[in-house]
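Structure first, commentary second.
We name chains A, B, ... by the order of the sequence lines, and we start the count at 1 in each one.
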Amino acid sequence: MNHWLMKSEPNAFSFDDLNNSVEKKTHWDGVRNYQARNFMRDRMKKGDLVFFYHSNTAEPGIVGIANVCREAYPDHTAFDPNDKHYDPKSDPKNPRWLMVDIRYKRKLKNIITLSELRKYSDTQLKNLALLRRGNRLSITPISAKEWLFILSLERSKS
DNA sequence: GCCAACGTTGGC
DNA sequence: GCCAACGTTGGC
C-alpha cells in the first residue's frame with residue numbers, strides 16, 4: 001500500500017467539504033500536471049491512505065486522512081468547454097487527464113502545520129517531497145516511515 | 001532542441 | 001499583495 005499527500009485550497013474545497021459530501025467522497029478532478037497525473041495513473045491504488053493538506057491559507061498544514069476509493073479514470077472536466085479546467089487537447093477517445101476518488105476517513109485531533117513539519121526537514125522528514133524547495137506538486141508520495149512519523153506528531157504537540 | 005515569455009502555485 | 005519557483009508554450 002502506498003501513502004500520499006494531496007493539497008487542496010480550503011477556499012475551493014476543504015476537508016470539511018469532503019466530510020459533508022455525499023457518501024463522504026469526491027472525485028479529484030482538475031489535476032493538469034503530468035507528474036501528478038502519472039502518480040494517479042501508475043501508483044495510486046484503492047485503499048491507499050492520503051494526508052489531506054490545506055494550502056494557500058493562513059495556516060497551511062495536514063488536517064485529515066482520506067483513502068483512495070476508486071482508481072484512475074478519465075477526468076471529464078477536461079472535455080467541458082465551460083469548465084475552468086477545460087483542455088481542448090484532451091481527446092475523449094484518448095483522455096489526457098485522469099482523476100481518482102477519495103473518501104473521508106478521519107480528521108486529525110490537531111492540524112499538523114507546515115512549520116511543524118519543517119522542524120524535521122533535516123532529520124525524519126528530510127526526503128519529504130512537500131518540504132522540497134519550490135515544490136508545487138498537488139499530489140506527492142509519502143513513505144511508510146514518513147507517514148508513521150507524521151502521525152506521531154498528532155498527539156505530541158506541546 | 002533552445003530558451004524567453006507567460007501563467008500558476010503557494011508561502012509569507 | 002508580493003514574489004520566487006516552477007511547468008508549459010511557442011518562435012526560431
Euclidean distance, atom [atom1] of residue [X] to atom [atom2] of [N] [Å, nearest integer]:
X	N	atom1	atom2	result
Arg96(A)	dT9(C)	CZ	P	7 Å
Asn56(A)	dA4(C)	CG	P	17 Å
Arg132(A)	dG11(B)	CZ	C1'	18 Å
His85(A)	dG7(B)	NE2	P	17 Å
Asn33(A)	dG10(B)	CG	C1'	14 Å
Lys84(A)	dG7(B)	NZ	C1'	12 Å
Gln35(A)	dT8(C)	CD	C1'	14 Å
Tyr53(A)	dG10(B)	OH	C1'	8 Å

Taking the minimum atom-to-atom distance to the side chain of [X], which one of [options] wins?
X	options	result
Arg136(A)	dG11(B), dA5(C), dT8(C)	dA5(C)
Lys89(A)	dC12(B), dT8(C), dT9(C)	dT9(C)
Ser55(A)	dT8(B), dC12(B), dG10(B)	dG10(B)
Arg133(A)	dG10(B), dA5(C), dG7(C)	dA5(C)

Inset, instruction - Give Arg32(A) one of three labels, base, sugar-phosphate or nothing, depending on what nucleic acid heavy atoms sit under 4.0 Å from its own. - result: nothing
Inset, instruction - Cation-pi check, Arg118(A) to Tyr120(A): give yes when NZ or CZ is under 6.0 Å from the six-membered ring centre and within 45° of the ring axis, no otherwise. - result: no
Legend entry - Under 4.0 angstrom between Lys7(A) side-chain N/O and dT9(B) OP1 or OP2: no
Inset, instruction - Identify the heavy atoms of Thr140(A) and Phe39(A) that sit nearest to each other, and give their distance. - result: CA-CE1, 4.5 Å
Inset, instruction - Locate the shortest heavy-atom distance separating Asp29(A) from Thr77(A); write the atom from each residue and the value. - result: OD2-CG2, 3.8 Å
Inset, instruction - Go through the side-chain N and O atoms of Asp101(A) and Trp28(A) and say whether any donor and acceptor fall under 3.5 Å apart. - result: no
Legend entry - Test side-chain contact (heavy atoms from CB on, under 4.5 Å) applied to Trp4(A) and Val50(A), Ile102(A), Val100(A), the passing residue: Val50(A)
